[in-house]
Amino acid sequence: MHEKFLKPYDSTTTESRIYAEWEKSGLFNPNECVRQGVTNPNAPAYSIVLPPPNVTGRLHMGHALMLAIEDIFIRYKRMKGFRTLWIPGTDHAAIATQSVVEKQIKKDEGKGRHDIGREELLKRIEAFAAESHDTIVSQMKTMGASLDWSREAFTLDEARSRAVRNVFKQMYQAGLIYRGLRIVNWDPKGQTTISDDEIVYEERPATLYIFRYSKDFPISIATTRPETKAGDVGVAVHPDDARYKSFVGKEYDVVFCDVPLHIKIVADKEVDPTFGTGAVGLTPAHSQTDWDIADRHELSHESIIINEYAKMTVAGRLEGKKTTEARDIVIDWLKSEGLLEKEENIKQSVATAERTGGIIEPLPKLQWFVEVNKKVPGRGKTLKELMLEPVRSGAIKIIPEYFEKTYFHWIENLRDWCISRQIWYGHRVPVWYKGEDIVVGIEPKEEGWIQDEDSLDTWFSSGLWTFSTLGWPEETKDLTTYHPTDLLETGYDILFPWIARMILMTEFTLNTIPFKNVYLHGLVRDAQGRKMSKSLGNNLDPLDIAAKFGADAARMALVVGNTPGTDMRISEDKVKGYKHFSNKLWNIARFVLENTKDVKISASLSKEDIDILSVHTDLIKEVTNDIEEFRIYMAAEKIYHYTWHELADHILEVSKPIFANGDAAAQTSRKVLLMTLFDRTLRLLHPFMPFVTEEIWQSMPTKDASFLMVAKWPS
RNA sequence: GCGCUCUUAGCUCAGUUGGUUAGAGCGUUCGCUUCACACGCGAAAGGUCGGAGGUUCGAAUCCUCCAGAGCGCACCA
């Protein structure tokens, strides 16, 4: 027996050494597994593409959970003999990364993005991204993730850029990407448009003002934003509203706070007659609903009164004022004119930008969109339908299943996807202009073409992730072997922005699904159930936890009892419990190795020992089944329970008298039994606690492969 | 407004899709320097499974209603 077993298990020195040995062996790469003869060249493939963490800093416990779950499936399948591929990568995360760096520059140097300039800002962001990347990679390795680093990808590298330009061009040619003047979600703080999914609604108290445009205007209207009324072109009422029926179709000229308005009264069923006064002032340029109503009644869209900096552009006393100041001015004016009839306190959910916190200002802007309700040429179906179908048919299975309903519900409400952003970091829109001419996809050779200034929503490139990482648009061997991928594992919070987009993009580009199974994990919360955040200071850093208790312990603490789709709580105490388990395993190794020195593994078992072994065989079946059915939270618990409370507490204890004074045959049988049980237990436990199991197994006489990582799964 | 989830031991959660006395971890109490391990061992206490009905031979599990908690989407003039 190696003398290392005489001291308690030390995870810190062991884990880094073991990872280096695995990496050096090359066995994270399935091609190398085949070359070294540990995997059959014709074995079925199993693949996962890692959800690429944003290069915005360091990994948190949610990432650690993601790595643990995916590594468990990967290691299990690898031991099962599959050609198993897990591709690592990182996400440039456009807006998120740029805003982190911009904030830092503002803080350190007091400068904004335009003081720095496009080129210099990009340089700074790239330096920051590179540093984050290195930190993240080393964190992933610390967690024991058996990722094939030879295939590492970045959403903004050259290969992925080629994929992005290619898909953009194809979608444009298919008529599914268009440039249009639409109301977009403008973030005045970040100075960019954002998509519907990047909005966070915040409930806030607001005042509902009820007033008339002028003394002789016949209808009072209600609004929470009086300043926008300077952009009104009409008033809408419900067609069945008896109070206003006689006014429908009439037109009025008024002067509202120095601004001349021409107001037409229209009837539209969109209006809720029970809200406010039942009459809506229409501001088509600054409200999506109003824009739509104006469309139906042929009213002008062009009355833009607020600019990108949330300042008023009308002449008169409001000119150049911020919207918040303008609101006070309008209210004062209404009061002084005797036009304000009532003020009500109401609750309102305010749209804010998730990255900057800026209050969204709906503005009409010329932007690029993906059209989701138009038939895809050659498919006879819309993108929306193509997103629904594979989940409906079961080709894609979502775990837990109830999220499928949430998914359907979201798709039904889906509108065209605004993909252009006014930021600098990211894939630049691959469109070039020269006068009226436009070229899409590849930069024209001739002089005089100017590229679109905008960049693409980061989810456009991550939507291609399952196939761009496998080499598309090249027709690679990897692509035919590993796509569609087997499992996509991520947090339920990005079901919509990411998973739905991947299905859309893959259906469009490859006529197939990106993955067969979606495993959604919940949020990792602190011991009190609070979200981990910088401001609360309750973040647990996976690196600290791994350093203190070992990555194995951290993985077990994250996985045991953690059902998919449900938020979990984690505390240092829980991790500590599994550190003790690592040590327990270590001591079992010591006992088994000490007591089986001259064991002949081929010797036959006694009747009693055959029974004990068969219980373990049942465990193997159950655990295998649990993993296959995505119940790894249960598989982990079962192995833990068997190892500690059956193997250690019971079997080892009753073996002591046998070794002390049993007959020779009983002793031989028992030695074989313990060695067999422990060897199989290490194999079962390896996907969950890869380091300590590998370290022990290297000293086992049953060792039949270079690493436990590529040893056979027991049956 | 539409939809989803949760409510099980003091705490955090399981309960493999209806089947014998409902489980785990942590915590609590008591006893152990037992030669693998005090990062340990042995024992014990603790739950009418949110409430009310229903289906069934049988319900924590399925159905209906009610109460409480959380979340998503939409609206928000």
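Throughout, a chain's letter reflects where its sequence line sits, starting with A, and its residues are numbered from 1.
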Please encode protein proximity along nucleotides 20-33 of chain B as a string of B, S and -, counting only heavy-atom distances under 4.0 Å.
----SS--------
NA contact type, A/Thr277, heavy-atom cut-off 4.0 Å: base, sugar-phosphate, or nothing?
nothing
Quick one: on RNA chain B, does A/Gln348 or A/Glu622 contact a more 5' nucleotide (nearest heavy atom)?
A/Glu622
Indicate, with a heavy-atom threshold strictly under 4.0 Å, whether A/Ile221 touches base, sugar-phosphate, or nothing.
nothing
Side-chain donor-acceptor pair under 3.5 Å between A/Asp10 and A/Thr13, yes or no?
yes
Applying a 3.5 angstrom cut-off to the pairing atoms, does RNA chain B sit in any stems of at least three consecutive Watson-Crick or G-U pairs? List them by first number.
B:1-7 with B:67-73, B:10-13 with B:23-26, B:28-32 with B:40-44, B:50-54 with B:62-66
How about A/His616 and A/Arg680: do any of their side-chain heavy atoms sit closer than 4.5 Å?
yes
Check every strand shown and say whether A/Lys656 touches a base, only sugar-phosphate, or nothing at a heavy-atom separation below 4.0 Å.
base
Do A/Arg327 and A/Arg225 have side chains that approach each other closer than 4.5 Å (heavy atoms only, starting at C-beta)?
yes
Set of ring-ring contact (aromatic ring centres under 6.0 Å, His included) partners for A/Tyr244, sequence neighbours left out:
none
Near RNA chain B, which residues from residues 565-572 of chain A have a heavy atom under 4.0 Å away?
A/Thr566, A/Arg569
Flag side-chain contact, heavy atom, 4.5 Å: A/Ile612 against A/Leu673:
yes
Is there any protein nitrogen or oxygen under 3.5 Å from a nitrogen or oxygen in nucleotides 72-74 of chain B, and what are the pairs?
from  : atom 1 : to       : atom 2 : distance (Å)
B/C73 : O2'    : A/Asn413 : ND2    : 3.1

The correct set of residues in residues 262-276 of chain A placing a heavy atom under 4.0 Å from RNA chain B is A/Val271, A/Asp272, A/Phe275
